[in-house]
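Quick notes on the structure that follows.
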Amino acid sequence: MVAPREGTSQELEAAVQEEEDAGHMQADLEQEELEPRLRDTPEDISFEAAANTIAFHPSQDILAAGDVDGDVYVYSYSCLEGGNRELWSSGHHLKSCREVSFSHDGHKLFTVSKDKSIHILNVEEGRLVTRFSKAHSSALNSLLVIDDHLFATGDDGGMLKVWDLRKGTDIMEMRQHEEYISSMAIDENKKLLLTTSGDGTMGVFNIKRRRFELLSEPQSGDLTSIALMKRGKKVVCGSSEGTIYLFNWDGFGATSDRFAVKAESIDCMVPVTENVLCTGSIDGVIRAVNILPNRVIGSIGQHLGEPIEQLAKSHTGQLLASSGHDQKVKFWDISSLRSMVVDDYRKRKKSGQLKALSCKALGGREDFFADMREEAEAPKEEQEEESDSDDSN
């Protein structure tokens, strides 16, 4: 019997170890390929028809959307690639769904439609719980959930109704506007309900005493949207003319300030902080706007060439969602806006290019043409700076 050479067993062990290491490396690579990529924002959600309205769940990563065909969809969303998932859909409305809103506890979803009906659905299953089939005599256009029992609706004819779920009917019905009610807001005491209308006025209604208070002086163009800012001390209204109107709280009759945003219109808005809000326009651009000092800070994103219908802020405050005529709901990272401070004395840049405030905005790091545009605009800005210095001399 021949004794084995001393190096043979060591060589075998090394070869086995090499194979094991290669196997582990291969397994790690395969695992990396299987694991979905983490994105900055969830992927776009595409629909068969344009979504008129969107709303975020108050405590979960869930989004609801209603489209022009009357269908309502509820999705769970995630920043993981391929992480968005349709939970359920409902086709109970006969015509366009114009507004969706979750109850404050997140258990119910309210929807209103051009078919004049109000539906309340169970969020977990998508089951229809309550239906008001002929809620208004005109097509419904706006909706505001006030508390656990009360909600308000506005229609195309200017009619406002406040509903009490405990009684199963409306408890207040007033028509003070001559045109459609576009948007509504309420103060933190749930006392004064504010409405904007296509007649160019803002309405003030005391829902505690169930009475009409006043209409503001009419503005040029439709008032399309409303938000409370500066801890409720300022009321901000957007208009179809691209102007933002400011009212003092308790000074609702006349505007305290106004400024034109370089947009064809302001069709929707959502507050991000006490000072900053985002607006959506017919030109498809989402602008971040600071209130007092009044300034357009930059662009959050865009639906290229397609009007924006609605904006919504997520329950964490990190994400903004937008729905447009391109039949998509897009998500944007707005975390940078939380810490943004606008310097009252900052020199205004004359460049026509909006500053990109998110990586997906035109000019952001995911914009392929950003570098080329910056190079083209650089000489233009240099010329403007020269002309500014000439003016000062």
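Using a 3.5 Å distance cut-off with no hydrogens or angles, the side chains of N275 and T273 do not pair a donor with an acceptor. A side-chain donor-acceptor contact under 3.5 Å links S182 and T196. Counting only N and O atoms by type, the side chains of K234 and N248 include a donor and acceptor under 3.5 Å apart. In this model, a donor atom of one side chain and an acceptor atom of the other lie less than 3.5 Å apart for Q310 and T53.
Shown here are the salt bridge (Lys or Arg N to Asp or Glu O under 4.0 Å) partners of D222, two or more places apart in sequence or in another chain: there are none. Every ring pair (Phe, Tyr, Trp, His ring centres under 6.0 Å) that H93 has, sequence neighbours left out, goes to H119. Under the rule for a salt bridge (Lys or Arg N to Asp or Glu O under 4.0 Å), the partners of R166 that lie at least two apart in sequence or sit in another chain are D164.
The two residues F102 and H57 come nearest to each other via the heavy atoms CE1-N, 3.5 Å. Closest heavy-atom contact between K360 and Q302: O-NE2, 3.1 Å. Of all heavy-atom pairs between L194 and I226, the closest is CB-CD1, 3.7 Å.
Atom CG in D326 sits 10.5 Å away from atom CD in E309 (nearest 0.5 Å). Between the NE2 atom of H303 and the CG atom of D44 there is a distance of 7.5 Å, given to the nearest 0.5 Å.
Two different hydrophobic clusters hold I186 and V145 under the rule that ILVMFWY side chains link at heavy-atom gaps under 4.5 Å.
A perpendicular orientation is assigned to the rings of F252 and W249, their planes being inclined by more than 60° (bins at 30° and 60°).
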